[in-house]
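This is a predicted model, so every value here is computed, not measured. Every chain is numbered from 1 and lettered A, B, ... according to where its sequence line falls, protein lines coming before strand lines. Atoms considered below: every heavy atom in the structure, side chains included; atoms not considered: hydrogens, waters and symmetry mates.
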Amino acid sequence: MEKKVRVRFAPSPTGGLHLGGVRTVLYNYLFAKKHGGDFILRIEDTDQSRFVPGAEDYIFETLKWCGLHPDESTQHGGAYGPYRQSERKESYRKYAEELVAKGYAYYAFDTAEELDAMRNKLRTAENPSPQYDRTVRQQMRNSLTLSKEEVDALLQQNAPHVIRIKMPEGETVSFTDAIRGEVSFDTSVVDDKVLLKADGMPTYHLAVVVDDYLMQITHAFRGEEWLPSAPVHVLLWRYLFGEEAMPQWAHLPLILGPSGKLSKRDGAKYGFPVFAMNWKDPKTGELTEGFRERGFVPEAFVNMLAVLGWNDGTEQEVFSLEELVQKFSIERVHSSGAKFDFEKAKWFNHEWIKRKEVEELRSEVRTIFQQHDLEISDDVYLDKVIGLVKDRCTLLPDFWEHSFFFFKAPKQIDFTPILAKWNPAKKDFFQSLIKSLRSISDWKATSLEALFKQLAETATIKPGELQLPMRLMLVGGKFGPPVFEIAEVLGKEETITRMENALEQVPSH
RNA sequence: GCCGCGUUCGUCUAAGGGCUAGGACGCCUCCCUUUCACGGAGGUAAUACGGGUUCGAAUCCCGUACGCGGUACCA
């Protein structure tokens with residue numbers, strides 16, 4: 001039977017999208033694509049106080065860069081919209097009221113001060129975080145302790161209130177996690193979570209259940225930090241829509257930093273990015289560096305993220321997005337957290353730069369050069385250069401140091417590496433080399449090398465002793481690809497010009 | 001504190017009762033190359049601890065330790 005899958009990811013627009021968040025989206029995306037299902041993105045903006053302007057656009061831009069952009073058809077209009085929870089506000093209250101009517105939830109009128117007072121009173125060394133649970137709800141101001149008349153009156157006059165779930169006592173709630181297998185909880189130790197806030201917005205707990213039901217979500221992968229609240233969600237499904245209709249869940253392991261959970265701070269502290277793209281918080285002005293700006297190609301970023309906690313069982317490590325879609329399976333996702341290793345991330349980028357076609361790198365490399373005030377118009381020449389140096393570049397900005405000399409003749413040449421062994425015979429050699437180069441018709445690295453060696457033999461100088469001077473003349477230092485390949489790309493005119501200029505500069509004894 | 005989830009080289013991982021625990025990153029050595037890389041060949045290094053079950057345990061069970069997460073009108 002064909003599987004009809006609809007997965008969802010609900011990024012919060014409250015500040016960037018860290019590695020773990022992108023990976024969650026990625027796994028949801030891979031699973032949906034593999035099974036021919038829809039990949040729905042829901043925007044969780046029910047906490048207006050934490051809303052950060054621009055964050056939503058940032059999330060969509062990030063996913064676009066990664067190649068994970070949801071289909072327009074599943075994101076705008078369509079049968080399951082709207083996709084922004086603030087726009088769905090009205091639909092939640094109804095379900096919360098239904099729960100109250102059925103006796104599974106209750107109104108609570110406690111003020112923030114009253115809640116504080118309760119927690120302060122109950123706090124002890126053994127119980128550092130007192131919960132609003134079955135042991136205290138009878139002492140609080142809610143529809144379980146107040147008379148029906150009082151409750152009705154309070155509701156009538158719009159007294160601020162929330163709706164809390166009434167956790168049953170002594171029940172074991174369990175469900176099967178696609179990664180961890182059966183997980184169970186004792187309801188006695190779970191608190192009476194708020195479902196509907198005083199401002200009428202749902203909390204995540206109510207929203208996720210209602211939305212998953214309304215959007216007919218079949219599978220939902222989310223971070224491990226949600227595991228402890230899973231029993232609340234199971235119960236809500238049971239009370240509202242029936243547990244059979246509940247989506248298949250998978251709780252993804254966390255991505256860890258050098259010391260504990262990966263944080264924005266780690267990035268700054270250890271010098272690696274933690275976001276896909278640069279993110280500047282408009283409220284604090286704080287900038288978090290992105291992989292894109294650091295010089296990563298999206299293929300490498302996605303690849304690196306995918307295998308941080310998943311593998312296909314073979315020894316393959318480099319996967320394209322298409323391959324990942326094909327090979328991904330949620331069962332092979334690890335249950336333990338993975339520490340992020342920037343060195344390995346760089347290795348993936350190196351691999352991808354090597355694998356990518358020259359044309360695919362063109363615009364990125366052009367951007368790098370522009371950052372060094374170098375505008376390149378000749379695509380054919382640029383392509384040759386990229387083809388010659390891409391194997392030596394780990395990050396995109398490396399293209400500059402590995403190829404700037406193809407576009408700028410060296411102004412000053414450091415001759416120190418060859419000075420000690422420099423002599424008139426060598427100078428003669430290069431002068432006759434220039435003469436021969438002028439008349440050579442086949443300007444290819446192999447031909448140039450053959451000619452070079454032949455002339456060296458005639459001059460009875462070891463070719464090896466002449467290659468370094470040649471390199472210095474062409475690029476100005478001890479770096480770059482094989483010297484004759486440089487000459488080939490540079491072309492006859494430029495090569496000869498550079499050699500002549502350099503020969504004039506060599507200090508003679 | 002309580003609840004939950006985890007634990008194989010430094011790191012990411014393979015091995016789902018049975019060969020000398022395999023691969024990759026990093027690091028080291030050598031080869032190639034009279035630049036530097038790429039590439040090639042080697043090397044280094046792990047089943048947290050203690051009990052069971054079994055002819056046989058990294059693998060199954062129990063306990064301990066450690067790590068992480070949760071314990072908000074945040075997601």
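- Comparing the same atom, P, in B:G6 and in B:C38 gives a spacing of 40 Å after rounding to whole Å.
- For the P atom pair drawn from B:G39 and B:U47, the interatomic distance equals 31 Å after rounding to whole Å.
- The separation of B:C60 from B:A15, taken at their C1' atoms, amounts to 16 Å, rounded to a whole angstrom.
- Using the Watson-Crick or G-U wobble rule with both distances under 3.5 Å, B:C55 pairs with B:G18.
- Looking at A:Lys344, its side chain comes within 3.5 Å of the base of B:A24 through a donor and an acceptor atom.
- The P atoms of B:G4 and B:C62 are separated by 13 Å, rounded to the nearest whole Å.
- A donor atom on one side chain and an acceptor atom on the other are found under 3.5 Å apart for A:Arg123 and A:Asn120.
- On the P atoms, B:A24 is 39 Å away from B:G63, given to the nearest whole Å.
- One atom, CD1 of A:Ile353, and another, P of B:A37, lie 17 Å apart when rounded to the nearest Å.
- The distance between atom CD of A:Glu225 and atom P of B:G6, rounded to the nearest whole Å, is 15 Å.
- Glycosidic conformation, B:C61: anti, with the torsion outside 90° of 0.
- The side chain of A:Ser335 sits closest to B:U7 out of B:C25, B:C73, B:U7.
- Using atom P as the reference point in both B:G42 and B:U35, the two lie 25 Å apart (nearest Å).
- Here the separation of B:G26 from B:C12, taken at their C1' atoms, is 11 Å to the nearest Å.
- Here A:Pro253 lies out of heavy-atom contact (under 4.0 Å) with every strand.
- Closest approach to the A:Glu315 side chain among B:G23, B:G4, B:A24 is made by B:G23 (side chain taken as heavy atoms from C-beta onward).
- The aromatic rings of A:Phe175 and A:Phe185 lie parallel to each other, with less than 30° between the two planes, well short of the 60° mark.
- Distance check on atom C1': B:G70 versus B:C27 gives 39 Å, rounded to whole Å.
- Pairing for B:C73 is absent, with no Watson-Crick or G-U wobble pair whose two atom distances lie under 3.5 Å.
- Pairing for B:U11 is with B:A24, a Watson-Crick or G-U wobble pair whose two hydrogen-bonding atom distances lie under 3.5 Å.
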